[in-house]
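Remarks on the structure that follows.
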Protein chains: 2
Amino acid sequence: MKQSVPAATVSRLPIYLRCLKDLSATQETCSSEELAQIAGVNSAQVRKDLSFLGSQGTRGVGYDVEELRRQLRTALGLDTEYAVAIVGAGNLGSALSNYDGFGTWGFEVVALFDTDPTKVGSEVGGHEVLPIDQLETVVTQRSVAIGIVATPAGSAQEVADRLVGAGVRSILNFAPTVLQVDQGVEVRRVDLSTELQILTFHLHTPAG
Amino acid sequence: MKQSVPAATVSRLPIYLRCLKDLSATQETCSSEELAQIAGVNSAQVRKDLSFLGSQGTRGVGYDVEELRRQLRTALGLDTEYAVAIVGAGNLGSALSNYDGFGTWGFEVVALFDTDPTKVGSEVGGHEVLPIDQLETVVTQRSVAIGIVATPAGSAQEVADRLVGAGVRSILNFAPTVLQVDQGVEVRRVDLSTELQILTFHLHTPAG
DNA sequence: TAGATTGTTAATCGATTAACAATC
DNA sequence: TAGATTGTTAATCGATTAACAATC
């Protein structure tokens, strides 16, 4: 793998991996053109993206599907097991706790926190809801690598600060806020209403 | 508003709107620098983005917060009420049905579909779960503008095809698949494992 | 060899941002 | 007027893609 993979490329790697999973059922080899088709991108882009992985396809043949999956998994760091903590056991936090896709990709939900005393102690998605006071302790003890913020907007920043303070360097933020974090902390934002509003922009804008 | 707003700008408009909501509590006017700060972008970018709305700030003063919010809402098409249908009443579909943020932004969930006979007829988030057979009828009758796909990956494409067939032109896809749709249909993809994998890429990649 | 497809270059395209004249 | 801040230009930066030599 070369030094610096462009952000746009990184965000496409998981998509390629997913597409290859489907392909692997039917074929041993695939061309950049095939992969591009199902991933919804240009084939030159596929080849360029894969070249960052030092990937070796075979001219005239294509890429070995299994080999490429292995390379993508390695590049994405999916050979390691990562501990995940979810903060907020409301609708979304509960849905996330019940999500069984974590294990598939080597993520383990090791804690689920909430402030609500009526929720603390109950079990959600196989996880006991812990009081938020234990955040620092648990994050440290379980070496939590990724924090998921599933709180209301009002508490998101404080939660993020505490996660970062406890050593978390990667945050997935479902709260409708832009988190302010130190350089070196990676935040990905997932917001339903933002997505809906982008759709409505195109819906109501005359062509485009 | 000028003819063509760049995609990158469109995706930032909802963020500005959100940030202004917070600001409006404390001040009547804000500079591009302030807005940039809380939105986490460059101030020149804020000014450029807002200029696409035909927005008129006041030199030496900044932007009128309320006026700008109004312009953003109009630009994003939030003056209209949009009917939304959710397909899939599992963990995620249920969480979405319970989400009370839809109303805030002028979205109305008019239907929730599932294939599971044990779910059909039950109530989730104030919505009766309808059998998937009724998809076309309901989409037409209620003029559904936005379809939310919250099914497993295996059924996502078929659901999308049916939504599009019934006239839906905007899809929010939570299933871990890349949907193939006709040109003119807008799809936004929200995928938890993609986001997690992007985080792990940066976690395990030595600096960058 | 002929056909297919990669890996990479170079051209293009689009997005970001520094800089500054305009102006409140 | 002096200070602040916009709106916009032009420079920069980065990402996409057409094209093609290399080669299986």
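Hydrogens, waters and symmetry mates are skipped; everything else that's a heavy atom, side chains included, is used.
Inspection of the Asp49(A) and Tyr16(A) side chains reveals an N or O donor paired with an N or O acceptor under 3.5 Å. Side chains of Asp161(A) and Gln157(A): a donor-acceptor N/O pair is present below 3.5 angstrom, by distance only. Side-chain contact, Arg69(A) with Ser24(A): a donor N or O sits under 3.5 Å from an acceptor N or O.
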Using the rule given for side-chain contact (heavy atoms from CB on, under 4.5 Å), can you reason through Leu17(B) versus Trp105(B), listing the C-alpha separation, both sets of side-chain angles and the distance that settles it, and then say yes or no?
CA-CA 11 Å; Leu17(B) 182 54; Trp105(B) 298 106; 3.4 Å; yes
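Rounded to whole Å, atom P of dC24(C) lies 16 Å from atom CG of Asp64(B). Between Gln45(A) atom CD and dG14(C) atom P the separation is 14 Å, expressed in whole Å. Whole-Å rounding puts the Gln56(A) CD to dA22(D) C1' distance at 13 Å. Leu53(B) places its CG atom 12 Å from the P atom of dT8(D), with the value rounded to the nearest Å. The CZ-P distance, from Phe52(A) to dG14(D), rounds to 12 Å in whole Å. With rounding to whole Å, Arg47(A) atom CZ is found 12 Å from dT17(D) atom P. Distance CD (Glu67(A)) to P (dT6(C)): 15 Å, rounded to an integer number of Å.
In the region residues 10-43 of chain B, proximity to DNA chain D at under 4.0 angstrom, judged on heavy atoms, holds for Ser31(B), Ser32(B).
Between the side chain of Gln27(B) and the backbone N or O of Thr29(B), at least one donor-acceptor pair lies under 3.5 Å. At distances below 3.5 Å, not a single donor-acceptor pair connects side-chain atoms of Thr9(B) with backbone N or O atoms of Val5(B).
At a cut-off of 3.5 angstrom, the base of dT23(D) holds no donor-acceptor pair with the side chain of Arg59(A).
Residue Tyr63(B) places its side chain closer to dT6(D) than to any other of dT6(D), dA18(D), dT17(C).
Shown here are the salt bridge (charged side-chain N to carboxylate O under 4.0 Å, His left out) partners of Arg73(A), two or more places apart in sequence or in another chain: there are none.
When the shell of 6.0 Å around CD of Gln37(A) is examined, it contains 12 or fewer heavy atoms from other residues, nucleotides or ligands.
In this structure, CG in Asn173(B) is found 10.5 Å from CD1 in Ile148(B), a value given to the nearest 0.5 Å.
If you find the closest nucleotide of DNA chain C to Gly60(A) and to Ala44(A), the one lying nearer the 5' end belongs to Gly60(A). Across the interface with DNA chain D, nearest-nucleotide mapping of Pro6(A) and Val61(A) shows Pro6(A) to be the residue nearer the 5′ end.
Among the duplex regions that DNA chain D forms, those built from at least three successive Watson-Crick or G-U pairs under 3.5 Å are C:3-24 with D:3-24, ordered by first number.
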